[in-house]
K.L.:
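Handing you this structure, nothing more for now.
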Amino acid sequence: MKRIITILLAAVLCVGTMTTCVLAAASGNDLGIAAFDDEMNERFPTAWHIRNYGLFAANNLYFKGGFTIKAGESLTYRFRVVFHEDNSAVADRYILYANRER
């Protein structure tokens, strides 16, 4: 099983943290958002940029340096975003995502 790193969002900043799963939840609340990274993404694991005012961004281009996409080429990032009411279900959702058929 892949390692899941949890970052609780209260008055805490998460800037440039690299992880396969980010969990953000308001302090004292069971509602939250989890973002699952895909290991096929360019420069996996993704560097995350999270602030306590609502910013929740995958930000490899800033934290890992620029990236050039040549004319006619493309780049695709894959993530799964889960909105949840209970943190206990997040690990199970991540396991399903990580082990899905591709």
Side-chain angles (χ1 to χ4, degrees):
M1 178 184 355
K2 296 178 184 172
R3 185 172 167 215
I4 297 176
I5 299 174
T6 300
I7 301 167
L8 292 179
L9 178 63
V12 179
L13 304 179
C14 166
V15 179
T17 299
M18 286 166 268
T19 181
T20 56
C21 173
V22 176
L23 173 65
S27 181
N29 198 332
D30 289 336
L31 301 175
I33 302 168
F36 304 153
D37 197 358
D38 189 299
E39 56 192 32
M40 294 179 67
N41 285 340
E42 173 265 333
R43 291 187 270 182
F44 173 85
T46 294
W48 295 93
H49 188 174
I50 300 171
R51 298 287 181 135
N52 63 347
Y53 53 80
L55 176 67
F56 192 89
N59 205 339
N60 274 353
L61 297 178
Y62 180 79
F63 292 107
K64 294 185 175 184
F67 186 77
T68 302
I69 301 172
K70 296 177 183 171
E73 293 182 351
S74 65
L75 176 65
T76 300
Y77 285 98
R78 292 174 181 85
F79 300 96
R80 168 123 347 136
V81 178
V82 177
F83 298 88
H84 58 88
E85 292 184 283
D86 180 1
N87 290 344
S88 65
V90 174
D92 293 335
R93 293 283 187 172
Y94 181 75
I95 291 168
L96 289 172
Y97 175 70
N99 294 317
R100 74 194 183 284
E101 208 173 297
R102 296 172 200 236

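FYI, side chains are in, hydrogens and waters are out, and symmetry mates aren't considered; it's all heavy atoms of this structure.
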K.L.:
Hey, is the main chain of Ala47 close enough, under 3.5 Å, to the side chain of Asn59 for a donor-acceptor pair?
P.N.:
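The answer is no, because no donor-acceptor pair under 3.5 Å joins these two groups.
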K.L.:
Please find out if less than 6.0 Å separates the ring center of Tyr62 from that of His49.
P.N.:
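No, the ring of Tyr62 stays outside the 6.0 Å limit from the ring of His49, centre to centre.
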K.L.:
Under a 3.5 Å distance rule, please check whether Arg43 uses its side chain to pair with a backbone N or O of Lys64 as donor and acceptor.
P.N.:
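Yes; judged by distance alone, with no hydrogens or angles, the pair exists.
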K.L.:
Calculate, to the nearest 0.5 Å, the distance between atoms CG and CG belonging to Leu75 and Asn41 respectively.
P.N.:
8.0 Å
K.L.:
Measuring from atom CZ of Arg100 to atom CG of Asp38, what distance do you get when rounded to the nearest 0.5 angstrom?
P.N.:
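Arg100 CZ to Asp38 CG: 4.5 Å, rounded to 0.5 Å.
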K.L.:
Report yes if some heavy atom in the side chain of Thr46 is under 4.5 Å from a heavy atom in the side chain of Phe79; otherwise report no.
P.N.:
yes
K.L.:
Can you confirm if the aromatic rings of Phe36 and Trp48 lie within a centre distance of less than 6.0 Å?
P.N.:
no
K.L.:
To the nearest 0.5 Å, how far apart are OH in Tyr77 and CZ in Phe44?
P.N.:
13.0 Å
K.L.:
Look at the side chain of Asn60 and the backbone N and O of Glu42, then say whether any donor-acceptor pair between them is shorter than 3.5 Å.
P.N.:
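At least one qualifying donor-acceptor pair exists.
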